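Right, one structure below, let's go through it.
In this text the structure is predicted, and so the values were computed from the model without any measurement.
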Protein chains: 2
Amino acid sequence: MQKQTPIKATESELEILNILWAQGPSTVKEVHEKLSLTKDAGYTTTLKLMQIMLKKQLVSRDGSSKIHVYTAAVDQAQAQGQMLQRMIETMFNGSAAQLVMQALGNHRSSKAELELIREYLEGKKKK
Amino acid sequence: MQKQTPIKATESELEILNILWAQGPSTVKEVHEKLSLTKDAGYTTTLKLMQIMLKKQLVSRDGSSKIHVYTAAVDQAQAQGQMLQRMIETMFNGSAAQLVMQALGNHRSSKAELELIREYLEGKKKK
DNA sequence: TCAAATGTACGACAACTTTCGTAATTGCAA
DNA sequence: TTGCAATTACGAAAGTTGTCGTACATTTGA
């Protein structure tokens with residue numbers, strides 16, 4: 001497993017990636033519709049962004065038919081991991097625990113969520 | 001407690017803030033020296049960045065003597081919380097638990113850290 | 001067929017970020 | 001006091017981001 005160049009995406013690009021991760025391969029139209037629910041930007045803006053992302057290889061696309069279908073070209077878990085890692089380093093002095101507690105403290109998670117985490121920790125312990 | 005405009009800082013600015021949080025009020029020189037350990041940029045670049053941050057009110061400064069002393073003007077915990085919140089929304093589909101588990105899974109935290117978190121969760125439970 | 005609808009491509013723009021060179025200022029030492 | 005070294009101020013440039021208008025291409029259904 002070789003180390004590769006860190007994924008670098010802007011906030012807007014991350015939003016688009018997130019949609020692609022959630023929905024799977026999608027057209028510009030589909031992405032834009034989803035994006036429009038929470039954001040306010042023109043269709044061509046989304047299109048352009050996705051074209052830029054193509055150049056950056058954050059997404060790939062199938063253009064065999066008229067309508068291009070875009071697919072996330074970076075792994076979700078990996079991207080998440082890298083983002084967190086960078087955040088831990090630059091804002092939490094290298095302590096994942098600090099980040100975790102801050103996340104839980106601030107976000108006021110549901111009981112179900114906390115339970116999930118507790119179970120996860122149990123699993124880790126046994127290993 | 002009133003809601004205020006979200007803190008908006010770039011990556012470089014975050015690095016500087018982090019140094020100010022860790023070291024307390026510092027001169028440009030001190031910040032730059034720390035920064036130079038991990039980054040490669042000229043002195044005036046750091047200076048300029050900090051001047052911009054002053055304008056943005058991310059830092060304040062005491063210029064009573066020749067050498068200006070800069071202080072972080074935003075609260076660390078608050079900034080951390082906001083960053084995480086945004087990340088949870090845009091990359092983890094609103095689930096703090098997902099973020100937490102990703103952070104722990106990837107980072108391979110120490111036993112001590114995991115124990116810390118476990119205790120923290122116990123504390124939350126009792127409430 | 002051919003015009004409307006649906007997509008894509010592309011250029012331009014303003015705002016922002018990061019960088020640095022150079023000028024101006026200030027304090028101190030000799 | 002005066003000149004040097006340390007600081008700060010500022011302008012400019014290059015790159016990036018997000019935005020959109022408009023032009024071009026393709027499909028399709030009346």
Report yes or no: do Asn93(A) and Ser95(A) form a side-chain donor-acceptor pair below 3.5 Å? no
How many whole angstroms separate atom NZ of Lys39(A) from atom C1' of dT17(D)? 10 Å
Do the side chains of His68(A) and Val28(A) get nearer than 4.5 Å, heavy atoms only? no
Would you say that more than 12 heavy atoms from the other residues, nucleotides or ligands in this model lie under 6.0 Å from the NZ of Lys39(B), or not? yes
Candidate list Asn18(A), Leu58(A), Ile7(A), test side chain to side chain contact (heavy atoms under 4.5 Å, CB included), partner Glu13(A), passing option: Leu58(A)
Rounded to whole Å, the NE2-P distance (His68(B) to dT7(D)) equals 12 Å
Between P of dG7(C) and NE2 of His32(A), the distance in whole Å: 12 Å
Using heavy atoms and a sub-4.0 Å distance, could you list which residues of residues 8-29 of chain A are near DNA chain C? By number, please. Val28(A), Lys29(A)
Can you list, by residue number, the residues of residues 43-65 of chain B that have a non-hydrogen atom closer than 4.0 angstrom to DNA chain C? Thr44(B), Thr45(B), Lys48(B), Ile52(B), Lys56(B)
In this structure, how many angstroms lie between the P atom of dT25(C) and the NZ atom of Lys66(B), rounded? 14 Å
Would you find more than 12 non-hydrogen atoms of other residues, nucleotides or ligands less than 6.0 Å from Gln57(A) atom CD? no
So do the side chains of Arg61(A) and Thr71(A) get within less than 4.5 Å of each other, counting heavy atoms only? no
Report, as yes or no, whether the 6.0 Å neighbourhood of atom NZ on Lys8(A) holds more than 12 heavy atoms from other residues, nucleotides or ligands. no
Reading DNA chain D from 5' onward, which residue's closest nucleotide shows up sooner: Tyr70(B) or Gly42(A)? Tyr70(B)
Side chains of Gln85(B) and Glu89(B): do they bring a donor and an acceptor to under 3.5 Å? yes
